[in-house]
Q: 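I have a structure here, written as structure tokens, and I will follow up with some questions on it.
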Amino acid sequence: MMLRLNFQVSCKFRCEPIYSVGGLLHAVELLTGFEGGYSGGKIEPQKFISSLDTKSKHQLLLAQLTEINARSPFFKRNKLLCSLNIDQSMAIMILEDHHIKEILDSNDFIRLEISERFPKIDKLEGNILVDTLSGKYKLWLDDYGTDFSNINTLKNTQFESVKIDKKFFWENGDSVMWPTIIDNISQYCSSIIVEGVETGTQLRNLRYSGVSCAQGFLFPSVPLEDIEILMPGKGQTHL
């Protein structure tokens, strides 16, 4: 795909697997890589997406959802989920754009990831936009445990899953407070996903901690077109 701004940028989609701590493939997160622009090389995704104007961001979101929709038989057949990160302007598009709503409504395996950095999400009054979105689609909270952490984030919105930030996990995963942290989070969601899992030891330590799933360098991403590789017998699960 080409995003045409004042210069050309190409994007490629990858899937990062999310495994249950018991070893089953539970979901994939759709990641988007960008190359081109003035430098001609790789571009940092978050900064680039945040710099896009509304029209280009809409084009990107629609392209992401269209690619996921094209592989809906795979996700439905294997009972897998697919998560996608969205920001505030994308959330508005989802609520207002008929084509986008049509794709989401016909693919109930799609999960929308909301970052903990989402505006006002940690305030006592919450974010009306996120609250409205949670009434229509299943949301995951991403980056939990960053400097923006606040229990109000979990109290304000019904999140199906909470993804614990990798740095928070690295700093606290071995602490005596870890079981309490997990217990507190689990009161507000159905499942907990830990990001930043890099070793078999880390994965084994999570199996009896109340955590549901793991994601990280232990489970390499694959191009979206090669997603079948992630299924048992088709490739390596690294479990």
Q: Residues two or more places apart in sequence or in another chain: which of them pass side chain to side chain contact (heavy atoms under 4.5 Å, CB included) with N172?
A: F168, S175, W178, I181
Q: With distance as the sole criterion, is a donor-acceptor pair present between the side chains of S83 and R111 under 3.5 Å?
A: no
Q: Would you say the side chains of N85 and Q46 form a donor-acceptor pair under 3.5 Å?
A: no
Q: Check for a donor-acceptor pair, side chain of E96 on one end and backbone N or O of M93 on the other, with a separation under 3.5 Å.
A: no
Q: Taking all atoms of both residues into account, what is the closest heavy-atom pair of D143 and E195, and its distance?
A: N-OE1, 4.2 Å
Q: CG of D108: more than 12 outside heavy atoms within 6.0 angstrom?
A: no
Q: Can you name the side-chain hydrogen bond (donor to acceptor under 3.5 Å, both in side chains) partners of S50, sequence neighbours left out?
A: none
Q: Quick one: are I114 and W140 in side-chain contact, heavy atoms under 4.5 Å?
A: no
Q: Could you check whether E160 and S190, counting side-chain N and O atoms only, form a donor-acceptor pair closer than 3.5 Å?
A: no
Q: Quick one: do F217 and L203 end up in the same hydrophobic cluster if we chain Ile, Leu, Val, Met, Phe, Trp and Tyr together by side-chain heavy atoms under 4.5 Å apart?
A: no
Q: With heavy-atom distances below 4.5 Å as the criterion, would you say the side chains of F118 and N127 are in contact?
A: yes
Q: Under a 3.5 Å cutoff, is there a donor and acceptor pairing between the side chains of Q64 and T32?
A: yes
Q: Is the shortest heavy-atom distance from the side chain of Y144 to the side chain of I192 under 4.5 Å?
A: no
Q: Determine whether a donor-acceptor pair (N or O, by modelled atom type, separation under 3.5 Å) exists between the side chain of D183 and the backbone of P179.
A: no
Q: If you define the side chain from C-beta out and look only at heavy atoms, does anything of M231 sit under 4.5 Å from N78?
A: yes
Q: Would you say Q202's side chain and E198's backbone share a donor-acceptor pair under 3.5 angstrom?
A: yes
Q: Check whether any side-chain heavy atom of L30 lies under 4.5 Å from a side-chain heavy atom of E67, and answer yes or no.
A: no
Q: Who pairs with K166 by salt bridge (Lys or Arg N to Asp or Glu O under 4.0 Å), at least two apart in sequence or on another chain?
A: none
Q: Return yes if a side-chain donor-acceptor contact under 3.5 Å exists between S56 and D53, otherwise no.
A: yes
Q: Is the number of heavy atoms from other residues, nucleotides or ligands under 6.0 Å of K76 NZ greater than 12?
A: yes
